[in-house]
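Beneath this line is the structure, given in C-alpha cells, with notes to follow.
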Amino acid sequence: MNSYIQELVNVYSKHTDVEYADWSKKYLRNQFEFLGIRSPIRRKLTKQFLKEHGLPTESNRKDIILMLWDRPEREYQKAALDILEKEKKNLCPEDMPWLVNLIVSKSWWDTVDVLSPHIMGYMFSTYPKLISQYSDLWIEDENIWLQRSAILYQLHYKGGTDEERLFRHIIRRANSDEFFVQKAIGWVLREYAKTNPESVKSFVLNHQLKPLSKREALKHLT
C-alpha cells in the first residue's frame, strides 16, 4: 500500500505549481494545502497512473483511500475520489461507515459534492434499505455536510427521484442559515425541475424557502 501511494506521490510531485497552489488554498479559504496541480492535469496523471499500476485490490481499497485522505494536500483527496468513482460498483453496505467518515472529514463542497450524488447516490439506489439508516438521519444531524449530503444524493436520479423524501428533507432544513445547505436545496430542485418542472414550481410556491434556495430552484423555470 505504501509503495502504491508513494508512486502516486512521485507522479504528482513532478507537476507542482507554487503559484496555483497558493491560489487554490485561498480559494478554499485556507483550509487545505495544495500541490498546485490543475484539475485537468491531475485527472490525466491519475488516469495514466491507474493504467500503469491498476486499481487497489479489494483487500486494500479502503486502506489506500483512507491513506490518501489523510495526506495534507487536497489533490490526494481528489485522487481518492477518482478511485472511488471507478470502484463504486464494488462497494457494499459494510463500507458505509468509512464512506460516511469521508463526508465529515476534511469536509468542503469540493469533496462532498462528489461523495453525495455520485458515491452515496449509487449506494442508496443499489441498496435502498440504507437510506433510512443514513440519509434520514443525516438530515437531522447538526453537521451541515451531512445535511447537504442528505439533500444532494438524489441530484442525478431524474425520474427515479423519491419526491416525497426529497421534499421532506428540504422542508426540514428550509430555514437553515447555512449557505451550503441553502445552495444544495436550490441546486437539487433546479436539477429535478428538468424532470418534473410543475412539481418543483408548485413546491417552491407553496413552501417558505430562503431567497437563495428559491432563486436557484426557479432559475430555469418561467
Fill in: Within 6.0 angstrom of E58 CD, more than 12 heavy atoms from elsewhere
no
Worksheet entry | Any donor-acceptor N/O pair, Y157 side chain to G121 backbone, under 3.5 Å | yes
Worksheet item: Is there a path from V104 to W109 through hydrophobic residues (I, L, V, M, F, W, Y) whose side chains come within less than 4.5 Å of each other?
Response: yes
Worksheet item: Within the side chain of D63, is there an N or O that forms a donor-acceptor pair under 3.5 Å with the backbone of N60?
Response: no
Worksheet entry | Residues forming a side chain to side chain donor-acceptor pair (under 3.5 Å) with W98, sequence neighbours excluded | D95
Item to complete: Quick one: pull up CZ in R42 and NZ in K78 and give me the separation to the nearest 0.5 Å.
Response: 5.5 Å
Item to complete: Any salt bridge (charged side-chain N to carboxylate O under 4.0 Å, His left out) involving residues 118-132? Give me the pairs, sequence neighbours left out, ordered by first then second residue.
Response: none
Fill in: I41 and Y12, any side-chain heavy atoms less than 4.5 Å apart
no
Discussion item. For the CG atom of N90 and the OG1 atom of T57, what is their distance to the nearest 0.5 Å?
Written reply: 11.0 Å
Discussion item. Test your reading of the model: is there a side-chain donor-acceptor pair from E75 to the backbone of L35, 3.5 Å cut-off?
Written reply: yes
Discussion item. Can you give me the closest heavy-atom contact between P97 and Y134, atom names plus distance?
Written reply: CD-OH, 3.9 Å
List, one per line, each side-chain donor-acceptor pair under 3.5 Å for residues 47-55, sequence neighbours excluded.
{"unit_1": "Q48", "atom_1": "NE2", "unit_2": "E52", "atom_2": "OE2", "d": "2.8"}

Worksheet item: For the residue pair L91 and L84, what are the closest heavy atoms and their distance?
Response: CD1-CD2, 4.0 Å
Discussion item. Tell me if a side-chain donor or acceptor on T126 pairs with a main-chain N or O of Y122 at a distance below 3.5 Å.
Written reply: yes
Worksheet item: Under 4.5 Å between any side-chain heavy atoms of M96 and Y127, yes or no?
Response: no
Discussion item. Within the 4.5 Å heavy-atom criterion, are R148 and I144 side-chain neighbours or not?
Written reply: no
Discussion item. Tell me whether the rings of F203 and F167 are parallel (<30°), tilted (30 to 60°) or perpendicular (>60°).
Written reply: parallel
Worksheet item: Can you find a heavy atom in the side chain of Q77 that is under 4.5 Å from one in the side chain of W69?
Response: yes
Worksheet entry | V112-L137 co-clustered via ILVMFWY side chain contacts under 4.5 Å | no
Discussion item. Give me the atom names and distance for the closest heavy-atom approach of D136 to H169.
Written reply: OD1-NE2, 3.1 Å
Worksheet item: Do you know the tightest heavy-atom contact between L8 and L68?
Response: CD2-CD2, 3.9 Å
Worksheet item: Which salt bridge (charged side-chain N to carboxylate O under 4.0 Å, His left out) pairs, counting each pair once, include a residue from residues 8-24, with sequence neighbours left out?
Response: D22-K26
Worksheet item: Nearest heavy-atom pair of S116 and S149: which atoms, and what distance?
Response: OG-O, 2.9 Å
Discussion item. Using only atom types and a distance under 3.5 Å, with no angle test, would you say the side chain of T111 pairs donor to acceptor with the backbone of S107?
Written reply: no
Worksheet entry | Interatomic spacing from CZ in R43 to CG in D82 - rounded to 0.5 Å | 7.5 Å
Worksheet item: Heavy-atom distance under 4.5 Å between the side chains of W145 and W138, does that happen here?
Response: no
Worksheet item: Within 45° of the axis and under 6.0 Å from the centre of the six-membered ring of F32, does NZ or CZ of R74 qualify?
Response: yes
Discussion item. Quick one: does any side-chain atom of Q147 pair with a main-chain N or O of I139 as donor and acceptor, under 3.5 Å?
Written reply: no
Item to complete: Go through the steps for V100 and L146 under the test side chain to side chain contact (heavy atoms under 4.5 Å, CB included), then give the verdict.
Response: CA-CA 9 Å; V100 174; L146 289 177; 4.2 Å; yes
Worksheet item: CG/L221 to CG/L189 distance, rounded to the nearest 0.5 angstrom?
Response: 9.5 Å
Fill in: Closest non-hydrogen atom pair between A184 and L152, with its separation
O-CD2, 3.7 Å
Item to complete: Find the distance between CD1 (I170) and CD1 (I151) and round it off to the nearest 0.5 Å.
Response: 6.5 Å
Worksheet item: Do S125 and Y153 have a side chain donor and acceptor closer than 3.5 Å?
Response: no
Item to complete: Please confirm whether the backbone N or O of L102 pairs with a side-chain atom of S105, one donor and one acceptor, at under 3.5 Å?
Response: no
Worksheet item: Is the closest side-chain donor-acceptor distance between S199 and E163 under 3.5 Å?
Response: yes
Practice prompt. Examine distances only and state if a side-chain atom of E85 and a backbone atom of H118 form a donor-acceptor pair shorter than 3.5 Å.
Written response: no
Worksheet item: Can you check whether V9's main-chain N or O pairs, donor with acceptor, with S13's side chain at less than 3.5 Å?
Response: yes
Item to complete: Indicate yes or no for a side-chain donor-acceptor contact from R71 to the backbone of Y76 under 3.5 Å, with no hydrogens or angles considered.
Response: no
Discussion item. The test is side chain to side chain contact (heavy atoms under 4.5 Å, CB included); show your working for V181 and I185 and say whether it passes.
Written reply: CA-CA 6 Å; V181 174; I185 290 172; 4.3 Å; yes
Worksheet entry | Residues which pass ring pair (Phe, Tyr, Trp, His ring centres under 6.0 Å) with Y27, listed by chain and number, not counting sequence neighbours | W23
Would you mind writing out the side-chain donor-acceptor pairs for residues 211-219 within the sub-3.5 Å range, not counting sequence neighbours?
{"unit_1": "S213", "atom_1": "OG", "unit_2": "Q182", "atom_2": "O", "d": "2.7"}
{"unit_1": "E216", "atom_1": "OE1", "unit_2": "R190", "atom_2": "NH1", "d": "2.5"}
{"unit_1": "E216", "atom_1": "OE2", "unit_2": "K183", "atom_2": "NZ", "d": "3.3"}

Practice prompt. Hey, could you give me the NE2/CD1 distance between H207 and I171, rounded to the nearest 0.5 Å?
Written response: 3.5 Å
